[in-house]
Amino acid sequence: MSGHGDPIPMTSRKSGPLTGVAEVPGDKSISHRALILGAMAVGETRVTGLLEGEDVLGTAQAMRDFGAEVTRHGDGEWSIHGVGVGGFMEPEDVIDCGNAGTGVRLIMGCMATSPITVTFTGDASLRSRPMGRITDPIGLFGAAAYGRTGGRLPMTIVGARDPMPVRYTVPMPSAQVKSAVLLAGLNVPGETVVIEKEATRDHTERMLVGFGADLTVEDGDEGRVITLKGQPELKPQTIAVPRDPSSAAFPVCAALITPGSDVLVPNIGLNPTRAGLFTTLREMGADLVYENEREEGGEPVADLRARFSPDMKGVRVPEERAASMIDEYPVLSVVAAFAQGKTEMVGVKELRVKESDRIDAMARGLEANGVTVEEGEDFMTVHGLGPEGVPGGGTAKAQLDHRIAMSFMVLGMAAQAPVSVDDGAPIATSFPIFEPLMSGLGAQIERSEA
Ligand code: S3P
């Protein structure tokens with residue numbers, strides 16, 4: 001898990017109209033949570049639509065290593081026989097979370113209040129990412145962490161023997177940190193309170209309520225105050241995972257910039273804490289329509305219809321929208337290159353600590369393809385060249401980041417000259433069917449010689 005094998009260089013060429021139906025995979029955030037909460041319930045949880053990408057498969061294996069029975073029955077169909085809150089066994093070996101920040105951070109949270117010792121590692125990207133944001137709050141519960149300098153993996157967590165409830169204000173907008181604290185709070189007597197100043201994706205809260213936990217959310221002066229009563233018996237659930245809006249972003253954005261395109265992306269989860277990209281695209285003048293809007297499993301869902309949009313204009317994306325589209329800035333910066341005028345993305349310093357430094361990765365890759373970008377610690381501005389104006393012809397470094405690799409493949413679909421990435425292997429972490437799906441719509445993506 002902790003490597004991706006040989007790099008897979010890929011090239012995307014200017015394509016004809018993209019047309020057809022794009023059935024994107026299940027939501028990554030919800031898939032991780034379904035496996036983890038399933039493992040902490042007593043009895044059998046059934047899941048359909050699970051994302052079978054490397055990140056989520058790593059979490060499935062980790063839950064087995066903690067003692068849960070996790071079984072695949074068919075495409076996206078899984079069951080988890082949970083061990084109950086407080087029932088985790090100590091894994092016999094190191095837990096390798098591969099590329100998955102969400103996997104490692106949520107799992108650190110859920111084991112931190114059990115009397116077990118676990119060592120975590122991951123690939124070169126994950127080993128460079130900060131874990132202090134998790135070890136600080138789990139330390140308040142009584143867990144201890146021993147990692148490399150700067151709080152990096154590999155890292156050993158010694159779970160708290162007599163955990164204390166915690167009241168914690170999350171210092172940065174991070175659903176991973178919020179979720180880790182809530183999952184740790186499950187095995188603690190009394191009430192754990194998590195406060196977030198800005199709302200981030202709320203799948204953990206929704207799913208905890210679904211599993212029968214006593215959890216309340218109040219909006220107060222401090223922000224969103226989430227209160228969880230510890231040591232519940234979680235009841236197994238049947239979970240239909242909606243399709244991932246963060247994956248839908250790629251065929252949607254590709255259709256908007258590729259002349260003649262008309263693509264339908266059905267059944268996309270449109271939880272308001274995730275849908276900021278689509279709001280922004282519509283503000284830019286994208287021909288993006290929500291069809292068949294409905295509710296499924298407590299989450300808003302719609303079919304997205306995206307058509308070529310030659311008249312898009314640059315916008316300033318408001319800072320308060322950042323959390324609801326944090327994973328979509330790379331592909332937005334590609335769309336921005338084909339709009340008229342500049343697109344300003346502000347308050348986005350969290351992008352610097354994702355699978356790669358996404359501001360740096362996008363700025364360097366766009367520049368290599370003839371697009372001007374200004375950047376600072378927490379902002380990025382892309383100067384649009386209009387629908388026909390992006391030269392392309394460059395090679396971007398994916399930096400072990402699936403969303404960087406996919407974004408540059410989208411750029412190549414409408415640029416004048418082909419666009420390459422040095423390594424598309426990480427795409428398998430979140431969107432293993434990206435190449436056949438995009439090719440099925442008419443895109444021309446090739447794997448080139450290493
Ligand atoms: C995620 C939260 C976000 C996001 C990541 C998935 C989650 O990370 O970037 O891809 O499932 O909770 P942060 O919590 O670090 O913002």
For Trp78 and Ala60 the tightest heavy-atom approach is CZ3-CB, 3.9 Å

Side chains of Val217 and Val225: closer than 4.5 Å at any heavy-atom pair?
no

Kindly indicate, with the supporting measurements, whether the criterion side-chain hydrogen bond (donor to acceptor under 3.5 Å, both in side chains) is fulfilled by Thr59 and His32.
CA-CA 6 Å; Thr59 292; His32 282 297; 2.9 Å; yes

If you measure from the Lys or Arg side-chain nitrogens to the Asp or Glu carboxylate oxygens, is any gap between Asp327 and Lys28 under 4.0 Å?
no

Check ion pair Asp303-Arg243 (N to O, under 4.0 angstrom)
no

Using a 3.5 Å distance criterion without hydrogens, assess whether the side chain of Asp65 forms a donor-acceptor pair with backbone atoms of Glu92.
no

Test item: Arg305 side-chain N/O and Leu264 main-chain N/O as donor-acceptor pair under 3.5 Å
no

Hey, what do you get for CD1 (Ile138) to CG (Asp136), rounding to the nearest 0.5 Å?
9.5 Å

Within the side chain of Arg224, is there an N or O that forms a donor-acceptor pair under 3.5 Å with the backbone of Asp219?
no

Any chance you could measure Thr102, atom OG1, to His203, atom NE2, to the nearest 0.5 Å?
10.0 Å

Step by step, would you call Phe434 with Met406 a side-chain contact (heavy atoms from CB on, under 4.5 Å)?
CA-CA 8 Å; Phe434 176 77; Met406 289 187 280; 3.5 Å; yes

For the pair Arg33 and Glu205, find out whether any cationic side-chain nitrogen is under 4.0 Å from an anionic carboxylate oxygen.
no

Apply salt bridge (charged side-chain N to carboxylate O under 4.0 Å, His left out) to Glu374 and Lys342, showing your working.
CA-CA 10 Å; Glu374 291 164 64; Lys342 61 182 183 183; 5.7 Å; no

Donor-acceptor pair, side chain of Asp423 and main chain of Ile8, under 3.5 angstrom
yes

Side-chain donor/acceptor of Ser324 to backbone N/O of Thr273, under 3.5 Å:
no

Ion pair Asp401/Lys354, N-O distance below 4.0 Å:
no

Could you check Leu208 against Leu37 for side-chain contact (heavy atoms from CB on, under 4.5 Å), going step by step and ending with a plain yes or no?
CA-CA 8 Å; Leu208 277 167; Leu37 286 182; 3.8 Å; yes

Step-by-step side-chain hydrogen bond (donor to acceptor under 3.5 Å, both in side chains) determination, His402 to Ser430
CA-CA 7 Å; His402 52 133; Ser430 71; 2.7 Å; yes

Could you check if a side-chain atom of Arg105 sits within less than 4.5 angstrom of a side-chain atom of Val177, using non-hydrogen atoms only?
no

Just by distance, do the side chain of Arg403 and the backbone of Val331 share a donor-acceptor pair under 3.5 Å?
no

Which is it for Arg321 and Thr279 under the side-chain hydrogen bond (donor to acceptor under 3.5 Å, both in side chains) test, yes or no, and what are the steps along the way?
CA-CA 9 Å; Arg321 195 180 293 157; Thr279 306; 5.2 Å; no

Side chain of Gln237, backbone of Gly210: donor and acceptor closer than 3.5 Å?
yes

Considering non-hydrogen atoms only, spot the tightest contact between Thr429 and Leu51 and give its length.
O-CD2, 4.5 Å

Close side-chain approach of Pro7 to Asp422, heavy-atom, < 4.5 Å
no

Look at Glu299 together with Arg294 and state whether they make a salt bridge at an N to O cut-off of under 4.0 Å.
no

Minimum side-chain heavy-atom gap Met40-Phe88 below 4.5 Å:
yes

Quick one: does any side-chain atom of Glu296 pair with a main-chain N or O of Val301 as donor and acceptor, under 3.5 Å?
no

Thr48 vs Ile239 side-chain heavy atoms within contact, under 4.5 Å
no

Does Glu52 come within less than 4.0 Å of Arg72, counting only side-chain N to carboxylate O?
yes

Measuring only between side-chain heavy atoms, which start at C-beta, is Leu437 closer than 4.5 Å to Phe431?
yes

Glu218, CD atom: more than 12 neighbouring heavy atoms under 6.0 Å
no

So does Thr238 get a backbone contact from the side chain of Arg46, meaning a donor-acceptor N/O pair under 3.5 Å?
no

Between Thr156 and Val118, does the side-chain contact (heavy atoms from CB on, under 4.5 Å) criterion hold? Intermediate values first, please.
CA-CA 6 Å; Thr156 297; Val118 183; over 6 Å; no

Show the nearest heavy-atom pair for residues Glu328 and Ala249, with the distance to one decimal.
CG-CB, 4.1 Å

If I take atom CD from residue Glu355 and atom CG from residue Leu126, how far apart are they, to the nearest 0.5 angstrom?
8.5 Å

If you round to the nearest 0.5 Å, how far is SG of Cys97 from CG of Leu153?
8.0 Å

How long is the gap from OG1 on Thr113 to CG on Leu183, to the nearest 0.5 Å?
9.0 Å

Identify the heavy atoms of Leu35 and Met63 that sit nearest to each other, and give their distance.
O-CG, 3.8 Å

In short, Pro137 meets Gly132 closest at the heavy-atom pair CD-O, 4.2 Å

Using 4.0 Å as the upper bound for N to carboxylate O, is an ion pair formed by Glu222 and Arg167?
yes

Asp123/Arg127 ion pair, N-O < 4.0 Å:
no

One should read off an interatomic distance between Leu182 CG and Thr227 OG1, to the nearest 0.5 angstrom, of 9.5 Å

Over all heavy atoms of both residues, which pair between Glu377 and Lys349 is shortest? Give the atoms and the distance, please.
O-CB, 3.6 Å

Do Leu332 and Val317 have side chains that approach each other closer than 4.5 Å (heavy atoms only, starting at C-beta)?
yes

Would you check if Val421 and Ile404 make a side-chain contact, meaning some heavy-atom pair closer than 4.5 Å?
no

Worked check of side-chain hydrogen bond (donor to acceptor under 3.5 Å, both in side chains) between Asn271 and Asp202:
CA-CA 9 Å; Asn271 179 314; Asp202 62 356; 2.8 Å; yes

Sole candidate of Lys178, Glu350, Arg274, Gln176 that passes side chain to side chain donor-acceptor pair (under 3.5 Å) when paired with Thr200
Lys178

Could you walk me through whether Ile359 and Tyr329 satisfy the side-chain contact (heavy atoms from CB on, under 4.5 Å) test, starting with their C-alpha distance in whole Å, then the side-chain angles of each, then the deciding distance to 0.1 Å, before giving a yes or no?
CA-CA 9 Å; Ile359 295 180; Tyr329 283 98; over 6 Å; no

Using only atom types and a distance under 3.5 Å, with no angle test, would you say the side chain of Ser12 pairs donor to acceptor with the backbone of Ile445?
no

